[in-house]
Amino acid sequence: MPATPLTDDQIAKALEGLPGWHVEDGELTAAYKSGRADIVPFYAAVAAAEDEADHHARVTILYGTISFALNTHDAGGAITEKDTALASKIAALAAGHDATVTARSTG
């Protein structure tokens, strides 16, 4: 059964509990800063969480910054509870790996 897309209100409510996360181009996104040597263990923990959830982010690593973008393909690319749950898990893992959320880009 495909995941159900969240409404804008549901997304806004979820974002209240996800500091640093926002919607950009239809994806739930955030970026975290960490020491370059710390990025690998942080991402290894995220990868394990992704595999456990059977849900995966688009990940970009550039120097000491790791960015995540989430949407649900089997929901037509919409944001679903799968995305907010994984974002919450990523945020918790970031805290445990001393990764800090970066400021949102203004374009």
Side-chain angles (χ1 to χ4, degrees):
M1 176 186 245
T4 302
L6 296 177
T7 66
D8 289 343
D9 288 342
Q10 290 170 316
I11 293 169
K13 181 74 173 166
L15 287 172
E16 290 174 10
L18 294 169
W21 287 82
H22 60 279
V23 175
E24 186 174 319
D25 296 329
E27 296 177 310
L28 191 58
T29 66
Y32 292 89
K33 197 96 166 134
S34 186
R36 286 183 62 172
D38 298 323
I39 291 288
V40 173
F42 173 35
Y43 180 65
V46 169
E50 290 174 323
D51 290 345
E52 183 178 315
D54 193 26
H55 192 60
H56 301 84
R58 180 171 46 85
V59 179
T60 304
I61 298 173
L62 184 61
Y63 301 110
T65 301
I66 183 167
S67 303
F68 300 94
L70 295 161
N71 66 16
T72 303
H73 298 285
D74 65 356
I79 296 170
T80 70
E81 285 184 17
K82 287 181 173 184
D83 303 304
T84 57
L86 186 54
S88 180
K89 183 66 176 175
I90 291 169
L93 290 167
H97 285 83
D98 295 324
T100 56
V101 73
T102 65
R104 182 175 173 186
S105 159
T106 57

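Values below: all heavy atoms of this structure, side chains included; hydrogens, waters and symmetry mates excluded.
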Would you say Asp98 and Tyr32 make side-chain contact, with heavy atoms under 4.5 Å?
no
If you round to the nearest 0.5 Å, how far is CG of Leu15 from CD1 of Ile79?
7.5 Å
Nearest atoms (heavy-atom pairs only) where Ala75 meets Thr80:
CB-CG2, 3.6 Å
So, do Lys82 and Asp74 sit near enough that their side-chain heavy atoms are less than 4.5 Å apart?
yes
Side chains of Leu18 and Ser88, heavy atoms from C-beta outward: is any pair under 4.5 Å?
yes
Using the rule that Ile, Leu, Val, Met, Phe, Trp and Tyr join whenever any side-chain heavy atoms are under 4.5 Å apart, tell me whether Val101 and Ile61 fall into a single cluster.
yes
CZ (Arg36) and CD1 (Ile66) are apart, to the nearest 0.5 Å, by 13.0 Å
Between atom OG1 of Thr72 and atom CG of Asp83, what is the distance when rounded to the nearest 0.5 Å?
3.5 Å
Is atom CG of Asp8 surrounded by more than 12 heavy atoms (other residues, nucleotides or ligands) closer than 6.0 Å?
no
Between Val59 and Leu93, is there shared hydrophobic-cluster membership here, with clusters defined by ILVMFWY side-chain heavy atoms closer than 4.5 Å?
yes
For Thr84 and Ala14, the nearest pair of non-hydrogen atoms, with its separation, is CG2-CB, 3.6 Å
Please examine the side chains of Ile39 and His97, heavy atoms only from C-beta on, and report whether any two atoms are closer than 4.5 Å.
no
Output for pair (Lys33 NZ, Thr102 OG1), nearest 0.5 Å, gives 8.0 Å
Taking C-beta and beyond as the side chain, do Trp21 and Leu70 meet within less than 4.5 Å on heavy atoms?
yes
Taken in chain and number order and not counting sequence neighbours, the residues that satisfy salt bridge (charged side-chain N to carboxylate O under 4.0 Å, His left out) with Glu52 are none
Out of the candidates Leu28, Val46, Thr29, only one should pair with Phe68 under the side chain to side chain contact (heavy atoms under 4.5 Å, CB included) rule; please name it.
Val46
With respect to Arg58, which candidate in Glu24, Glu50, Glu27 satisfies the salt bridge (Lys or Arg N to Asp or Glu O under 4.0 Å) definition?
Glu27
From His55 atom NE2 to Leu86 atom CG, the distance as rounded to the nearest 0.5 Å
6.0 Å
Just wondering, more than 12 heavy atoms not from Gln10 lying within 6.0 Å of its CD?
yes
State, to 0.1 Å, how close Ala37 and Pro41 come at their nearest heavy-atom pair, and which atoms those are.
O-CD, 3.3 Å
